[in-house]
Amino acid sequence: MSNKRKPFIRQTAKAALITSVAVALMLPGGLAAAADSSSSVTVQAVPANAAQAGAETPDPAEAKITQEQAVAKVKSLFPVLKDATVSYTQLGSGNSYPMNPDQLTWNIQWEFRTGSSTFGFSSEVDAMTGDLISTYLYSPFTGQADNFYPPKVSRAEALEKAKSFISQAAPTLKSSDLQQEENIIMNESALFGPVQYSFYFNLLVNGLPSSNDSVRVTIDGGGNVMQFNKTTSGLKYPSAKPAVSKEQAEKIFKETFDVTLYYTPVYKKGEVDTWVLGWRPQNEALYPIDAQTGKRIDYEGSDVGAVPVVYEAVPAGKEIFKPVTGGKELTVDEAVKQVKKVAAIPANRKLTGQTLSANYQNGKQKVWSLVWSDTSEVNMTGMPGRTYAEVNATTGEVLQFQVEQYSFPLDSTQKAEAVPAGSKKLSQAEAKEQALSLINRLYDQASSNLKLAEHGGTWSVLPNDKGYRFEFQRYYDNIPVSENSITIALDLYGKLQSYQNYNYAVLSKITKQPAPVVTKAEALQKYLSLYSLKLQYSTSGGYFSTGGYTDPTVSLVYSPALIDVSRPYDVLNAQTGKWFAMYDYNLGGQSVPADSVVDIKGHAAEKQLAELLKYGVIAPDAEGKVSPDQVISVGDWLNYIAKASTPYYTQYTASADNNTVAGVSPDSLYYGAVNYAVSRSWLNKDAVVKPEDSLTREQLAVLLASFLKYSKLAAFLDNDVTVTSFSDSTSIKDKGAVALVVRLGLLQGDNGRFNPQQQVTKAQAAAVIMKLVELQGKTDTSIGQQY
């Protein structure tokens, strides 16, 4: 994203290194340019848990597989590596998180030269069994000539190749140990660019699928293995024999299932567009049921009490938040003062980072991102202590605060600050009063808009008596607002350690709605029909949250699972009784089967439209229609090619600063598409685009020439016979662009005419896009891609 705001990192230092390596393996962008290749290989042995003081360094003699055997294993699986060089190898415990304490692996760093560029990537091999654990190959390593649409191998053929590869890469796995996960909603590749097929397999433990242990294989359109990842957690699995029968679990599920009215956001193009009053399941209603005890367990692995959460009114405090007035944006010094009114910055930290940027979920809101760093002390992972905060630059409201950005503030491994003289440890009741006082000072009109979620018992007490946590729920008209909860964590003395307010939505768009037509009983029955219970293993914990660190544990549970996974975020409208989607399914990446669309069967462009549906470039409306003969706008076209290039491109533009781009303001529904087109040089930033205007054939020709990076060639073809032979050539202004696209076969004439001002329909646009797709690999520039 273009936004420079720093997200909260709720992980300990001991996990940060592991996680960063794992992420780098998953992302093509994570391929780092390496130094010059060297024929020598450096062998390093690292601690099984590098961040734990006193951890023992693994002895290479313990490995049953030598370094040379591990390298040979990878080369035998990926023949293209014959030209790659090993820069160094490392013996450790692997990149999985939570870390598998029983795993010993060889991490092999490779370098690959292509022309003047050097790429670096890594592989992992189990040092005890010889199984391949992970490898990611970037497409230049295998070539792209035969990877484009239409691919050489079908998905079915790729699946067979994936299964065959698993048997070679990890011979300790039996085919009977694998269960393919077929409920994959999103496409794994874009329409423009190399075709890829990704396959996920859960490993069966005691005959049941494990959510932790899995295998992923990615095959390109040419049939080459591009990525392999085998994850094994090393966690202890209980018996697969339940004490509670499925019938008993279903009875418990139905008896404890509950729904509540919420004001629910509807997102369009990444931002909240409207709010709908809808029935939604309570959080606790979807917790899994422990197959041994019959009790629901939360995501931390704790039993959920029979007593439901109670929401208490927040009394008005003596001190309340007062928005800054004056209409000017706060300076950085003013933003810092707002933070220091409610929180203490560790004495040894100085302000080292300050960024003013747009809020990534509300582009109209500017936010100061502030970082205080300890410049005098660096821990063993190389990360200085950092405090992080976000402040609304207009109102002065503190949106986020975390004493320790790189670890949970109450982590036992974190060096505690000295307790000020005279400080007194708070009881749970006193901590609650402190939290209520703080929320009044932090949140605008807290007593009117929030309620305290009382979970009962000692839920608010953090593990090992390290402090306290409290949760608040946003309300409107005495009805909870979905996606709007706030958490506060305090230390034992009442000092603010963490404040998380992910309320970026435009709440001013909420309007009071009439009493619901659909009754709670009716909503309850509709929701119950959506779920079935599955006996499976479920893992909880293994991460830090406001509740502190919870060790990962595996339980045998009956887990509620959607029967139809195609629309997981639908909510029941309390007025109409119809389902509505919280998220815009037109964002891209959502594969829609053509047979579910009602108005393309038999259409001349049925095949092309079906492919665009398959790759998420277009999507049907609520009635299942795509309206193929509907005239599209300039903005629609830009949106289509952006999705065809990067299915989730809106995630990269939602956080853009509020600057007009190519004459288009951020208020435009097409701003994201235009901004993305400019970022890819498909449009000139100094151009003036009118995205709402209907797209004509001549405009499409010009946009195609720019998209293909052939604008100069188009200018050269201005007097080409291809365009001058049209009987209406005198009415064509951009003759070179028209000549270019006709020569490429993207557009054609009709009875000797080009019809430059004729408007373009969705079906016609689909036909052009599929012709572009078929041009891939046949042009000197990559179509829609950046490499």
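In this text the structure is predicted, and so the values were computed from the model without any measurement. Side chains are part of it too, since the values below use all heavy atoms of this structure and drop only hydrogens, waters and symmetry mates.
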Grab the two heavy atoms, one from Leu492 and one from Gly467, that are nearest each other, plus how far apart they are. CD2-N, 3.7 Å
Do Thr660 and Ser665 have side-chain N/O donor and acceptor atoms under 3.5 Å apart? no
Does NZ or CZ of Lys451 come closer than 6.0 Å to the centre of the six-membered ring of Tyr311, within 45° of the ring's axis? no
Can any side-chain N or O of Gln400 pair as donor or acceptor with the backbone N or O of Asn501 at less than 3.5 Å? yes
Where do Leu426 and Glu430 come nearest, in terms of heavy atoms and distance? CA-OE1, 3.4 Å
Shortest non-hydrogen contact from Gly635 to Ala673? O-CB, 4.3 Å
With distance as the sole criterion, is a donor-acceptor pair present between the side chains of Arg680 and Ser645 under 3.5 Å? no
Looking only at the side chains, is there a donor atom on one of Thr260 and Asp258 sitting less than 3.5 Å from an acceptor on the other? no
Exercise: identify the closest heavy-atom pair between Val481 and Trp275: CG1-CZ3, 3.3 Å
With sequence neighbours excluded, what pairs up with Ser460 under the side-chain contact (heavy atoms from CB on, under 4.5 Å) test? Gln428, Phe470
Can you list the residues that meet the salt bridge (Lys or Arg N to Asp or Glu O under 4.0 Å) rule with Glu454, with sequence neighbours excluded? Lys432
Please determine whether side chain to side chain donor-acceptor pair (under 3.5 Å) holds for the pair Ser482 and Arg280, giving the CA-CA distance in whole Å, both sets of side-chain angles, and the decisive distance to 0.1 Å. CA-CA 9 Å; Ser482 185; Arg280 295 192 65 182; 2.2 Å; yes
When every non-hydrogen atom of Leu438 is compared with those of Gly494, the smallest separation belongs to CD1-O, 4.4 Å
Regarding Tyr676 and Asn639, is there a side-chain donor-to-acceptor distance under 3.5 Å anywhere? no
With sequence neighbours excluded, tell me which residues meet salt bridge (Lys or Arg N to Asp or Glu O under 4.0 Å) with Glu329. Lys366
Is the backbone of Ile345 close enough, under 3.5 Å, to the side chain of Trp372 for a donor and an acceptor to pair up by distance? no
Do the side-chain N and O atoms of Arg474 and Tyr263 include a donor-acceptor pair separated by under 3.5 angstrom? no
Contacts of Arg441 that satisfy salt bridge (Lys or Arg N to Asp or Glu O under 4.0 Å) - sequence neighbours left out: none
Residues that Tyr287 engages under ring-ring contact (aromatic ring centres under 6.0 Å, His included), provided they are two or more places apart: Tyr299
Do you know which two heavy atoms are closest between Ala431 and Leu490, and how far apart they sit? O-CD1, 3.6 Å
Could you work out, with salt bridge (Lys or Arg N to Asp or Glu O under 4.0 Å) as the rule, every residue matching Asp273, not counting sequence neighbours? none
